[in-house]
Amino acid sequence: PDYAYSLSCLANCYCDLGIGEYYEAIELYKEALSIREKCFGKSHGTYARSLSNLATAHLDLGNYEESIKLCEEALSIQEKCIGKTHPAYATSLNNLAACYSEIGDYEEAIKLYTEALAITEKFYGKMHPQYIISLESLACSYKEYDPEKLSQISLQLHELKSNYLKRHFLGITSSARQLFWDNEKYYFKETIFERSYLYNSQNLIEASYNSALISKGIILDIEIEFSKLIAESKDDEALRMYKELQYTRTSLNKQYEKPISERVVNIDSLEAVAEKLEEQLIERSQVYGDFTRNLSIDWRQVQKKLSKDDIAIEFVSFPINYDSVMYCALTLKKGYDAPKMIPLFESSQLDSVNREKCYESTVMAELVWKPLDEELKEAKNIYFAPDGELYNIAIESLPYHDGVGYMFDRWNFYRLSSTRELAKIKYHPSETKAALYGGLNYDTDITTMENSQQPFDELYIAQYRSEPDSIGLRARYGTLRGAWTEVQLIDSLYSNLKYSSKVYAHNIGTETSLKKLDGQKISNLHIATHGFYWTETELNEKEDLRGLPFIRDNDRPRFGEDKAMTRSGLLFAGANKVLSGKTIPEGYDDGILTAKEISTLDLRGLDLLVLSACQTGLGEIKGDGVYGLQRGFKMAGAQTIVMSLWKVDDDATQMLMTEFYKRYLSGQSKHDAFLAAQEVVRNFKDEIRGRDRDFSNPKYWAGFIMLD
């Protein structure tokens with residue numbers, strides 16, 4: 001029997017490989033079936049389960065008649081062995097129902113699924129995963145048979161799945177949450193949106209808005225809330241354990257950066273230590289509060305925060321027709337009985353738009369905003385959360401689709417991680433404490449880090465905050481003249497208002513100095529430097545990039561998201577050494593601060609982060625949001641982030657930043673100060689250092705966005 005079990009396991013693996021391996025799987029299942037017949041006979045439950053396995057492989061191959069025959073035989077055996085009230089009998093009913101569903105006999109499939117569901121509910125209750133799986137199967141059968149019934153069941157299913165998700169997340173570690181979410185996210189990010197789009201049911205659209213609130217940044221939000229809960233607990237032992245957990249994660253990062261042959265610590269052992277620490281912390285934190293509380297925010301709570309002049313928009317994207325992705329807008333206003341779903345465009349239409357020219361023509365605005373004309377009529381303030389490719393486009397700065405002015409000339413735009421942010425409680429720092437980075441010497445010897453202020457005429461000066469070829473970094477990176485002027489001007493503004501601020505420039509603007517801000521309750525952080533983001537494709541095409549030590553090995557870790565967080569970062573003093581291929585001595589930082597490293601810092605209380613660098617808003621778009629610098633800093637504790645979507649001009653950026661701080665520190669809101677600064681840059685036509693400069697083109701001012 002054990003050998004037969006192993007054969008079945010191997011057959012399962014072949015089934016998972018796809019269509020070409022089902023024949024091999026069937027032969028293995030047959031061999032297992034033969035052994036079990038000899039061991040147990042044909043009237044045993046184990047033999048029946050073996051029949052079900054074989055039936056599933058035939059079903060996947062499209063051998064429906066054979067699959068139905070095998071399922072009926074298995075069902076008959078189960079009825080004699082365990083009766084009609086056992087969950088194993090319900091499983092056999094579900095298998096047979098799946099066969100009828102595949103051949104289009106939905107009436108028979110629904111009858112069998114309903115019978116199985118009743119048995120499962122009686123045995124396990126409605127909150128058991130097996131009941132939820134059965135209910136989803138029943139819903140799928142109604143998809144072609146009775147759309148109205150599908151809508152009713154989908155709403156019930158959404159409530160069950162949401163509650164199950166919240167309850168499950170409360171007691172498991174971050175790595176377990178990621179695995180769990182990987183299994184569940186397809187419903188919350190695809191299935192419910194597709195059904196709303198196809199059937200336009202009010203119940204489904206309500207569920208869709210709530211799904212968007214749950215799914216955008218779900219893992220990130222829980223990480224942030226967990227760290228807040230520990231910090232606010234005032235429990236010295238919990239705080240010590242949390243610090244130890246962060247130290248262990250940092251140690252893991254350092255080990256991952258080394259070639260496997262040079263690792264001095266067993267990775268699995270270190271991961272086990274981190275898991276155990278987190279488990280103990282989660283158990284200890286239960287008495288302080290619920291770090292999953294934001295998962296309970298629904299569309300009604302968001303609506304309560306809206307005034308009559310506001311509109312909240314959740315952009316969503318989901319697969320349709322097997323080969324396309326549909327983009328829709330879920331809209332919400334003060335007086336709405338329920339959210340609305342507005343279809344926008346398909347991904348193929350977006351792919352045909354020249355991204356470099358989309359701020360100079362109306363094509364993109366026609367796709368994104370024109371279908372929303374009616375919704376935007378009475379609105380003044382637009383609170384929106386992007387999705388999919390819209391994360392990487394400054395849609396609030398597009399030309400208006402009638403060709404007159406820009407979108408932000410007509411409305412006030414607020415870019416959010418999720419409109420859930422409107423319903424969350426915000427904490428603001430009681431005092432202003434700022435740190436400013438700029439004018440960094442990337443050639444500094446990182447082992448000495450002298451405090452001497454090297455004159456600019458001895459340094460290589462760069463015009464852009466990324467090199468012209470931002471994919472290849474082996475070229476030497478130059479100091480940014482504008483960044484040095486920028487931080488000096490901003491520092492003087494802080495000083496005039498008697499705010500506490502410190503400038504980290506030239507040789508002292510190191511990666512290590514920023515890491516030492518950990519736990520220092522910095523309220524404002526400004527970083528003017530070179531930034532980078534590479535896709536995995538770019539990384540694979542560039543051999544010199546693959547050799548960089550901070551790029552995570554492809555063999556580990558378990559989650560591709562972690563690898564994505566090492567492909568985005570900022571350059572600090574001394575960075576040219578590692579970029580030129582030189583070895584960094586053990587115990588020294590390399591001058592490259594990746595998003596992954598940032599995520600382990602404690603920057604709670606950071607109310608405003610300004611990343612005055614290139615491509616700091618980019619990252620890999622995953623099921624939980626954008627994996628890049630913004631995620632790293634959010635995990636560390638940042639609230640509002642100003643960042644860029646492309647290569648930015650040094651002079652234009654200096655102007656934008658100084659104008660922003662002049663207004664912000666004089667009392668304007670972050671949002672209003674940012675818009676006013678963009679307007680100044682947009683209208684600039686004059687000389688800078690003897691050169692005529694015209695910044696009216698959107699490439700000079702539209703690249704920066706403000707989040708949350």
Less than 3.5 Å apart, any donor N or O on the side chain of [X] or [Y] sitting next to an acceptor on the other?
X    : Y    : answer
S307 : D310 : yes
S162 : N210 : no
D708 : S417 : yes
Y29  : N12  : yes

Can a donor-acceptor pair be found, under 3.5 Å and without considering hydrogens, that links the side chain of [X] to the backbone of [Y]?
X    : Y    : answer
T173 : E278 : no
T114 : I110 : yes
S324 : I320 : no
E314 : T419 : yes
R36  : T46  : no

Considering residues at least two apart in sequence or located in another chain, which fulfil the side chain to side chain contact (heavy atoms under 4.5 Å, CB included) criterion with N95? S52, C71, T91

For K305, look at atom NZ and say whether over 12 heavy atoms of other residues, nucleotides or ligands are found less than 6.0 Å away. no

Report, as yes or no, whether the 6.0 Å neighbourhood of atom NZ on K334 holds more than 12 heavy atoms from other residues, nucleotides or ligands. yes

Test the K189-F193 pair against the cation-pi criterion, namely NZ or CZ under 6.0 angstrom from the six-membered ring centroid and within 45° of the ring axis. no

Which residue pairs pass the ring pair (Phe, Tyr, Trp, His ring centres under 6.0 Å) test when at least one of the two sits in residues 154-177, sequence neighbours left out?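 Sorted result for residues 154-177: H158-F188, Y164-H168, Y164-F180, H168-F180, F169-F180.
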
CG-OG distance between D323 and S347, expressed to the nearest 0.5 angstrom: 8.5 Å

Which pair of non-hydrogen atoms, one from A116 and one from A90, has the smallest distance, and what is that distance? CB-O, 3.5 Å

For residues Y124 and Y131, establish whether the separation of their ring centroids is below 6.0 Å.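 Y124 vs Y131: aromatic centres not under 6.0 Å.
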
Between K185 and E190 (salt bridge meaning N to carboxylate O under 4.0 Å), is one present in this structure?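 Answer for the salt bridge query: no.
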
